[in-house]
There are 2 protein chains.
Amino acid sequence: MPNSPQHLHDVLVHLRRIIRATDLQSKRVVKACGLTIPQIMVLRSIEALGDVTVRKISDSVSLSQATVTTILNRLEDRQYVERVRAQKDKRIVNARLTESGLEILKTTPPLLHEKFIDEFESLEGWEQTQVLSSLQRIAMMMDAENLDAAPLLDINSPDALV
Amino acid sequence: MPNSPQHLHDVLVHLRRIIRATDLQSKRVVKACGLTIPQIMVLRSIEALGDVTVRKISDSVSLSQATVTTILNRLEDRQYVERVRAQKDKRIVNARLTESGLEILKTTPPLLHEKFIDEFESLEGWEQTQVLSSLQRIAMMMDAENLDAAPLLDINSPDALV
DNA sequence: CCTATATACTTTGAACTGTAACTTTTTTAA
DNA sequence: TTAAAAAAGTTACAGTTCAAAGTATATAGG
């Protein structure tokens with residue numbers, strides 16, 4: 001018989017640790033290259049998708065439009081990105097990488113900690129799959145927006161974002 | 001043969017979705033009871049541990065001391081908590097729940113979305129265990145502080161924090 | 001005793017994050 | 001045609017989060 005209340009509590013504890021570890025990794029990455037993880041994800045997303053709207057970036061990196069706007073502001077201040085208003089529909093803003101943006105992207109480290117990467121890669125294939133599918137399951141269960149069961153394995157994001 | 005780069009990328013994507021879902025849930029909880037998830041976790045931690053130092057709270061909720069301080073500031077402003085300086089060692093600050101603090105705690109909803117709780121509880125016992133152990137594994141692999149393999153199942157946190 | 005170090009906590013500064021309200025532009029419908 | 005509704009972004013605001021620097025107190029060594 002599963003002990004759900006205890007398990008749920010443990011889920012919460014582990015999630016908090018994971019969120020914290022992610023924050024800490026972002027600080028490490030900042031020290032290494034001057035950009036935070038969300039900034040790098042936005043840059044890579046623009047690189048992968050070409051000139052792209054704020055909405056598409058926000059879908060691609062799982063952040064709200066408002067958050068992407070503030071991140072774009074900072075990236076634009078530093079001239080890694082420029083905004084180009086679309087001609088046919090003037091509501092639309094396309095983000096575009098600058099030369100410096102392309103340059104800095106080359107200096108960015110992996111977004112997951114090396115320890116994590118090493119340990120994950122040292123897992124057996126079936127273990128990797130199990131971890132991944134659990135993670136996918138949790139992501140789906142937590143996604144209160146899509147109340148219908150979303151199709152599995154619908155990952156069609158730009159690659160090499162790690 | 002495992003396709004690690006793709007898997008690592010997928011791990012990152014799912015983690016981001018999970019972090020976002022957690023943020024969104026916190027906003028929902030605020031609407032329901034006026035407190036954010038971190039605030040509730042701190043309050044429950046104080047409730048569970050009794051008069052307790054900032055350091056212990058920060059360990060218990062997996063947040064830095066500085067973060068707990070700012071959360072305590074807000075909770076103290078609203079008089080849910082009071083700080084009591086220890087007599088024998090005046091560096092130490094103990095946090096204590098007030099009457100209102102105890103009251104408000106009774107009104108707080110579960111910290112995981114109801115959809116998540118329902119779906120998690122509907123899983124088979126072995127599935128719950130698998131999800132939980134994957135989560136624990138990820139949390140451990142991401143924890144760059146503890147480079148040695150931490151012992152499994154060392155969960156001794158106060159209960160009913162969900 | 002007195003200085004150096006360590007501990008407990010707070011402050012500061014910068015970034016992330018979302019909702020709600022707002023502006024501008026486009027589309028729809030009367 | 002023109003008013004209403006929708007869509008794309010931005011702004012305002014409040015909270016979270018951490019590292020690093022700062023403050024106050026305690027302990028250890030000379």
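Side chains are part of it too, since the values below use all heavy atoms of this structure and drop only hydrogens, waters and symmetry mates. Please read these numbers as outputs of a predicted model, since none were measured by experiment.
With rounding to whole Å, B/K90 atom NZ is found 16 Å from C/dT7 atom C1'. When the P atom of D/dT16 is taken as reference, atom CD of B/Q25 falls 15 Å away, rounded to whole Å. For the pair A/R28 CZ and D/dT17 P, the computed distance is 17 Å after rounding to whole Å. When the C1' atom of C/dT24 is taken as reference, atom CD of A/Q87 falls 15 Å away, rounded to whole Å. Atom CD1 in B/I57 sits roughly 14 Å away from atom P in D/dT17 (whole-Å rounding). Between the CD1 atom of B/I92 and the C1' atom of D/dA26 there is a distance of 10 Å, rounded to whole Å. Here the P atom of nucleotide C/dT7 and the CG atom of B/D89 are 12 Å apart, to the nearest Å. Here the C1' atom of nucleotide C/dT25 and the CZ atom of A/R85 are 9 Å apart, to the nearest Å.
Side chain of B/Q128 to main chain of B/F120: a donor-acceptor pair is present (N/O by atom type, distance under 3.5 Å, no hydrogens or angles). Remark: the backbone N or O of B/S134 is not paired with any side-chain donor or acceptor of A/S134 at under 3.5 angstrom. B/K115 contributes no side-chain N or O that, together with a main-chain N or O of A/M142, makes up a donor-acceptor pair within less than 3.5 Å.
Close to D/dT10, at under 4.0 Å from its OP1 or OP2, lies a side-chain N or O of A/R83.
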**Report entry** Derivation and outcome, side-chain hydrogen bond (donor to acceptor under 3.5 Å, both in side chains), residues B/N73 and B/R78
**Finding:** CA-CA 9 Å; B/N73 288 343; B/R78 295 211 245 162; over 6 Å; no

Requested in this report: Using a 4.0 Å cut-off on protein heavy atoms (strictly under), produce a 5'-to-3' string for nucleotides 11-18 of chain C with B for base contact, S for backbone-only sugar-phosphate contact, and - for none.
Outcome: B---SSBB

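For a distance-only test at 3.5 Å, the side chain of A/R91 fails to qualify as a donor-acceptor partner of the base of C/dT24.
Considering only heavy atoms from C-beta on, A/L35 comes within 4.5 Å of A/Y80 through its side chain.
Each salt bridge (Lys or Arg N to Asp or Glu O under 4.0 Å) pair with one or both residues in residues 125-136 of chain B, not counting sequence neighbours, appears once here: A/R137-B/E127.
The residue A/K88 sits close only to the backbone: its heavy atoms come under 4.0 Å of sugar-phosphate atoms, none of a base.
Minimum atom distance to the side chain of B/K31 is reached by C/dT19, of the listed C/dT26, C/dT19, C/dT10.
Nearest heavy-atom pair, B/P38 versus B/I71, reported as atom, atom and distance to 0.1 Å: CB-CD1, 3.7 Å.
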